[in-house]
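In what follows, every heavy atom counts, from backbone to side chain, and hydrogens, waters and symmetry copies are set aside. Chain A is the first sequence line, chain B the second, and so forth, proteins listed ahead of strands; every chain is numbered from 1.
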There are 2 protein chains.
Amino acid sequence: MDHSIQDVARLAGTTSRTLRHYGAEGLLPPSRIGTNGYRYYDDRALVRLQRILLLRDLGLGLPAIRLVLDREVDETAALREHLGWLEQEQQRLDRQIRSVQTTITTLEGEDQLMADQMFDGFDHTQYKEEVVERWGADAYRNSDEWWRSMTTAQRKEWRAATRALQADWADAVTRRVDPAGAEGQQLARRHVRWLGAVPGLPRENGHLAADYVRGLGEMYVADDRFGADYGGPAGAAFVRDALAHYADEHL
Amino acid sequence: MDHSIQDVARLAGTTSRTLRHYGAEGLLPPSRIGTNGYRYYDDRALVRLQRILLLRDLGLGLPAIRLVLDREVDETAALREHLGWLEQEQQRLDRQIRSVQTTITTLEGEDQLMADQMFDGFDHTQYKEEVVERWGADAYRNSDEWWRSMTTAQRKEWRAATRALQADWADAVTRRVDPAGAEGQQLARRHVRWLGAVPGLPRENGHLAADYVRGLGEMYVADDRFGADYGGPAGAAFVRDALAHYADEHL
DNA sequence: GCTTGACGTTGACGCAGCGGCAAGTTCTAC
DNA sequence: GTAGAACTTGCCGCTGCGTCAACGTCAAGC
């Protein structure tokens with residue numbers, strides 16, 4: 001009635017190493033240990049092992065499995081919670097896949113124009129006058145020089161990132177997520193990080209100036225060309241709100 | 001021109017720990033190190049950091065990022081390969097989610113009948129005579145006793161697993177995957193593992209008898225009721241082929 | 001000149017779930 | 001009796017940092 005560790009492993013489609021691990025974790029102690037130190041498992045242990053492996057296949061972690069097996073939590077509840085986590089992971093993966101696809105297609109696109117295309121849909125060099133007026137002349141010059149100093153490949157990647165960011169903003173807008181919520185703030189963080197790569201932009205305490213970020217959001221709303229990329233003025237307003245909230249909280 | 005590690009971290013939206021990590025990995029060495037040991041980063045390093053964080057957001061690993069940055073592999077190619085991996089992960093997650101959902105709904109279903117429902121769609125106790133004839137009387141008895149000895153919750157879970165396995169077989173059949181391929185064999189492995197939980201079934205060398213597994217596959221094909229669950233005789237044949245191949249390779 | 005507090009350094013553990021290896025013991029078959 | 005298969009404990013490795021711990025440095029105020 002007792003099976004050796006290898007027997008059990010083959011029988012259950014796992015490895016002896018895994019069984020020892022479960023034993024060490026207290027998840028599946030051997031039902032008997034010989035005087036020689038060998039582990040032996042009876043049929044009850046086999047059944048328990050099956051349940052463990054079943055739940056493992058569903059992606060549950062060992063601590064969660066222990067709670068279920070020891071009846072400390074309801075199995076249905078545990079699975080439901082786990083399902084939530086899985087769906088969250090799925091969404092994260094979906095977003096990453098979309099971003100990678102956008103980046104690839106943009107990288108494959110032929111070379112575009114030059115510095116005046118730098119920010120594509122976000123092109124704030126079109127606001128040269130405003131930038132110069134509000135943030136000083138050398139800020140504008142520095143950004144421009146920085147852009148011209150990039151290699152073609154670097155510029156390509158920059159544009160790819162810009163497109164991807166833009167696409168993700170647009171996506172968030174259409175899904176009507178909360179600008180101040182987790183996803184909106186994640187996007188705002190990406191936006192600020194993306195802009196932060198540009199030397200010469202106004203900074204304070206080492207990061208982008210909060211006022212500059214807020215002002216940028218207002219500019220997006222003020223000019224129709226920005227909003228056009230995210231489904232009208234509501235899109236630009238969304239971006240503005242997310243950026244403003246981010247500036248309040250983190251800058 | 002030079003920024004301290006904290007400045008860079010805030011500016012790029014990351015942490016100083018991460019920067020030290022990248023330094024230790026040789027991915028982003030500080031552009032200068034002071035006599036006091038402090039790390040300083042110039043604008044070039046900042047640009048490199050942005051690229052690193054960009055690719056990290058896409059899910060690339062640090063080694064892959066290094067290859068891209070050092071121009072040892074083409075960025076587009078790297079992203080394309082990464083996309084493949086992401087999509088694979090996505091499929092794995094999808095399957096897991098479906099399995100969890102199936103398990104939950106089955107767990108929620110009210111109690112069903114008893115031992116004669118043990119294998120649901122796979123019910124091989126309906127083949128009592130065949131089982132007894134080919135594998136001995138006590139094999140049949142043992143399985144039945146085992147089933148009756150289970151608690152209601154255990155039986156519920158067993159049925160849930162059965163349903164999930166069945167659903168996954170059906171899914172694989174409709175997608176016309178290769179019975180001898182990775183996914184087909186993975187299912188076969190689950191099937192054997194699932195059956196392996198039943199004590200009293202014929203075994204050899206500790207695992208289910210290969211002939212028994214092959215015979216089971218043939219029974220699925222021989223009886224219309226099995227095939228009905230996977231889209232006709234082709235479904236049962238698919239299961240049989242996958243099991244036979246698995247038996248050949250692993251039993 | 002001294003304290004204080006912010007910021008910097010290196011070093012090391014932790015995580016999730018085992019895989020894999022090493023060194024030593026025991027069982028099994030010839 | 002001996003080879004070889006199977007078993008044991010113990011420990012490193014993986015991924016990408018988070019998080020102390022213990023200890024130097026620097027700028028500002030008294």
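Here A:Arg193 pairs with B:Asp57 under the side-chain hydrogen bond (donor to acceptor under 3.5 Å, both in side chains) rule; sequence neighbours left out. For B:Asp178, there are no salt bridge (charged side-chain N to carboxylate O under 4.0 Å, His left out) partners two or more places apart in sequence or in a different chain. Contacts of A:Thr14 classified as side-chain hydrogen bond (donor to acceptor under 3.5 Å, both in side chains), with partners at least two apart in sequence or in another chain: none. Applying the salt bridge (charged side-chain N to carboxylate O under 4.0 Å, His left out) test to A:Asp241 and every residue at least two apart in sequence or in another chain returns nothing. Remark: B:Arg92 pairs with B:Glu89 by the side-chain hydrogen bond (donor to acceptor under 3.5 Å, both in side chains) rule, at least two apart or across chains. For A:Asn36, the side-chain hydrogen bond (donor to acceptor under 3.5 Å, both in side chains) test picks out no residue, with sequence neighbours left out. Residues that satisfy the side-chain contact (heavy atoms from CB on, under 4.5 Å) test with A:Leu54, not counting sequence neighbours, are B:Glu157, B:Ala161.
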Is there any protein nitrogen or oxygen under 3.5 Å from a nitrogen or oxygen in nucleotides 28-30 of chain C, and what are the pairs?
none

Mind listing the N/O atom pairs, protein and nucleotides 21-25 of chain D, below 3.5 Å?
unit_1	atom_1	unit_2	atom_2	d
D:dG24	N2	B:Tyr38	OH	3.1
D:dT25	O4'	B:Tyr38	OH	3.3

Please write out each protein N/O paired with an N/O of nucleotides 2-5 of chain C under 3.5 Å, distance rounded to 0.1 Å.
none

A correct 5'-to-3' footprint of nucleotides 13-23 of chain C, with B, S and - meaning base, sugar-phosphate only and no protein heavy atom under 4.0 Å, is ----SBBB---
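When the P atom of C:dA6 is taken as reference, atom CD1 of B:Ile5 falls 18 Å away, rounded to whole Å.
Axis angle between the ends of the helix from C:dG1-D:dC30 to C:dC30-D:dG1, five pairs each and rounded to 10 degrees, works out to 30°.
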Would B:Asp168 and B:Arg190 satisfy salt bridge (Lys or Arg N to Asp or Glu O under 4.0 Å), going step by step from the backbone distance to the final call? CA-CA 10 Å; B:Asp168 290 344; B:Arg190 266 179 67 194; 2.6 Å; yes
